[in-house]
Engineer: 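A single structure is presented below for examination.
Keep in mind the model is a prediction, meaning the values are calculated, not measured. Naming: A, B, ... by sequence-line order, numbering from 1 per chain.
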Amino acid sequence: MLDPRLLRNDPDAVARNLARRGYVFDRGGFLKLDAERKRLQVEVESLRQQRNTRSKAIGAARAAGEDIDALRKEVGALGDKLAKAEASLNAVGGTLDEVMRGLPNLLADDVPDGVDESANLEIRRWGEPPEFDFEPKDHADLGAALGMLDLESAAKLAGSRFVVLHGDLARLHRALIQFMLDVHTTEHGYAETYVPYLANKDALFGTGQLPKFEEDLFAVSGDSRYFLIPTAEVPLTNLVRESIVEADRLPIRLTAHTPCFRSEAGSYGKDMRGMFRHHQFEKVELVHIVRPEDSRAAHEELTGNAEVILKRLGLAYRVVTLCAGDTGAAAAKTYDLEVWLPGQNRYREISSCSNFEAYQARRMRARWRNPETGRPEPLHTLNGSGVAAGRALIAVIENYQQADGAIAIPEVLRPYMGGCEAIVNEPRMRETR
RNA sequence: GGAGAGGUGGCUGAGUGGCUGAAAGCGCUCCCCUGCUAAGGGAGUAAGGGUUAAAAGCCCUUCGAGGGUUCGAAUCCCUCCCUCUCCGCCA
């Protein structure tokens, strides 16, 4: 949600900014609706005031033992008038809310122009893609040859876009998660958090998945309206929903490992090989809740925290700033981390780090008490993957593949693998099937 | 699943139809007193919204959520959600 005051006072600036996303903000329509709301609200409030004062007069008259029938009749008529005015106000207010809730966030000034992915701006690279003296395979082939990446079984159990991992590959996946959590909690100052994997509508509205992107979510049937979380951003950020955080508690830094569930509606046929784009994947998420003046610095720091994981894993990557057209509706600015995948011979997204500024905070009424004003003001929220575990597994498999199809294990993961140095194709190394 | 008790401001907690946006306490802010420490005294202190260029002031809304009764609801009625206690079941 945007600052309503800004929308009223400088709708042209809002329209100019949103136009960079290709979003057309109907200034005239908004201002007209807002003026109508104002008119009705003044009317309703003045009617309510009359009702309140006269009702009190009835109480006083009755206490004095006077006759109150005439007064009651009069106020009753007022009530009918009020009900009508309230109905109009609700109708207009509802339309206005819908318009406001549908507006995307304002972009930060340093977001590059552009309509799609191709205009994203690379800002740095780290590491060199590995050179192989053989033809490198992709993770789907490597994992299948090891007998440890099993899409067939997954299809039997659930369907396409799911995976079953066996033996050492399953363990490597878990090792990645534990490694990431350990780095973020012991070195980067994040508090490890365990959260529900189902979220309600209010939570999903708060972070911006609802109402516009419901088709991306899996809904759970039953009496309560639950959705499987598409990211731990939802439960972690909503921890501060409808609350006023004291200034001395900021910044708040949270991390959680959760599965993530996405319907991938609209990406039919895209990335169908292997386990790159699945309905269920694991991710270690990083969330910052900060004072507004700190959010830019926090965004750089959070992104750096995610980068540390790739560096320690020895995976080549680049950082890109998403262009205006590619930046998500709730974000003011987003950095994507793209890891080198030899199987695809290109960099692919493995983390997305965004500054939402006050957009989510306004939707969820997450505030902090600003000591300078003494008043509650919207917080700034940020999040990023630190990093996607499924894609990290893909990257390790492809970047650490050996000529014989074995997978070397990055140094930092060996403690989590019982000292094991490589995953090899031996039947005893995988679970019985 | 059965039985019961509850959900009130940043926190604890009083409040069964008008005098209650809300006693009291804690916390916090400011002031006074006290030459440290400790203690004491006084004042202030919910959020959201409207009116305003902005503020002050004034007004509206909010006592878990949504409906209803009433001239008037924290208070009465209905539905739902959540928390706690006991019993049962259970990873």
Engineer: How many whole angstroms separate atom CE of A:M1 from atom C1' of B:G48?
Structural biologist: 12 Å
Engineer: Whole Å only: how far is the CZ atom of A:R249 from the C1' atom of B:C28?
Structural biologist: 16 Å
Engineer: Tell me the interatomic distance from A:R241, atom CZ, to B:G48, atom P, rounded to whole angstroms.
Structural biologist: 17 Å
Engineer: Counting side-chain heavy atoms from CB outward, which of B:G72, B:A47, B:U52 is closest to A:R5?
Structural biologist: B:U52
Engineer: For A:H139, is there any backbone N or O sitting under 3.5 Å from a side-chain donor or acceptor partner on A:R273?
Structural biologist: no
Engineer: What's the shortest heavy-atom distance between A:F162 and A:L151, and which atoms?
Structural biologist: O-CD2, 3.4 Å
Engineer: With a non-hydrogen cut-off below 4.0 angstrom, is A:R62 in contact with a base, only sugar-phosphate, or nothing?
Structural biologist: base
Engineer: Is it true that, when you exclude A:R249 itself, more than 12 heavy atoms of the residues, nucleotides or ligands shown sit nearer than 6.0 Å to its CZ?
Structural biologist: no
Engineer: Who is the Watson-Crick or G-U wobble partner of B:A56, with both distances under 3.5 Å?
Structural biologist: none
Engineer: Determine the Euclidean distance between corresponding P atoms of B:U8 and B:A14; express it in Å to zero decimal places.
Structural biologist: 11 Å
Engineer: Does A:R312 count as lying over the ring of A:F179, i.e. NZ or CZ under 6.0 Å from the six-ring centre, within 45 degrees of the axis?
Structural biologist: no
Engineer: Which residue lies toward the 5' end of RNA chain B, A:K73 or A:V44, if each is placed at its nearest nucleotide?
Structural biologist: A:V44
Engineer: For atom P, what is the distance between B:G7 and B:C76, given to the nearest Å?
Structural biologist: 11 Å
Engineer: Roughly how far apart, to the nearest Å, are B:A38 and B:G27 at atom P?
Structural biologist: 14 Å
Engineer: If pairing requires Watson-Crick or G-U wobble contacts with both distances under 3.5 Å, which nucleotide is the partner of B:G88?
Structural biologist: none
Engineer: May I ask which nucleotide in the shown strands pairs with B:A5, Watson-Crick or G-U wobble, both distances under 3.5 Å?
Structural biologist: B:U83
Engineer: Side chain of A:K38 only, please: which of B:G48, B:U51, B:U70 is the nearest?
Structural biologist: B:U51
Engineer: Measure centre to centre between the rings of A:F227 and A:F218, then say whether the value is under 6.0 Å.
Structural biologist: no
Engineer: Check every strand shown and say whether A:L71 touches a base, only sugar-phosphate, or nothing at a heavy-atom separation below 4.0 Å.
Structural biologist: nothing
Engineer: Please pick, from B:G49, B:C71, B:C19, the nucleotide with the shortest atom-to-atom distance to any side-chain atom of A:E45.
Structural biologist: B:G49
Engineer: Which part of the nucleic acid, if any, lies within contact of A:R48, taking any heavy atom under 4.0 Å across all strands shown: a base, the sugar-phosphate backbone alone, or nothing?
Structural biologist: sugar-phosphate
Engineer: Specify the separation, in whole Å, of atom CD1 of A:I244 and atom P of B:U62.
Structural biologist: 19 Å
Engineer: Assign A:R39 to base, sugar-phosphate, or nothing according to its heavy-atom contacts below 4.0 angstrom with the strands shown.
Structural biologist: nothing
Engineer: Considering Watson-Crick and G-U wobble pairs with both distances under 3.5 Å, what does B:A39 pair with?
Structural biologist: none
Engineer: Mind checking the P distance from B:A73 to B:G18? Whole angstroms is fine.
Structural biologist: 11 Å
Engineer: Roughly how many Å is it from CG in A:L6 to P in B:A53, rounded to a whole number?
Structural biologist: 18 Å
Engineer: Between the base of B:G49 and the side chain of A:Q41, is one N or O donor paired with an acceptor at under 3.5 angstrom?
Structural biologist: no
Engineer: If only side-chain N and O atoms of A:N52 are considered, is one of them under 4.0 Å from the OP1 or OP2 phosphate oxygen of B:U61?
Structural biologist: yes
Engineer: Could you check how far CG of A:L198 sits from P of B:C81, rounded to whole Å?
Structural biologist: 16 Å
Engineer: Just by modelled atom types, is the A:L322 backbone N or O under 3.5 Å from a matching donor or acceptor in the A:D326 side chain?
Structural biologist: no
Engineer: In this structure, how many angstroms lie between the P atom of B:U70 and the CG atom of A:L82, rounded?
Structural biologist: 15 Å
Engineer: Between B:U69 atom C1' and A:R72 atom CZ, what is the distance in whole Å?
Structural biologist: 13 Å
Engineer: Students often get this wrong, so: under 4.0 angstrom with heavy atoms, is A:N9 touching a base, only sugar-phosphate, or nothing?
Structural biologist: nothing
Engineer: Between A:R37 and A:R367, just flag the one whose closest nucleotide in RNA chain B comes earlier from the 5' side.
Structural biologist: A:R367
Engineer: Only pairs with both distances under 3.5 Å count, Watson-Crick or wobble alike; so what is the partner of B:C26 in this structure?
Structural biologist: B:G10
Engineer: Does the side chain of A:H166 pick up a donor-acceptor pair with the side chain of A:D150 at under 3.5 Å?
Structural biologist: yes
Engineer: Within the pair A:R369 and B:A47, is there a side-chain N or O less than 4.0 Å away from OP1 or OP2?
Structural biologist: yes
Engineer: In Watson-Crick or G-U wobble terms, both distances under 3.5 Å, what is the partner of B:A73?
Structural biologist: none
Engineer: Where the side chain of A:R8 is defined as all heavy atoms beyond and including C-beta, which of B:C19, B:G50, B:U61 is the nearest nucleotide?
Structural biologist: B:G50
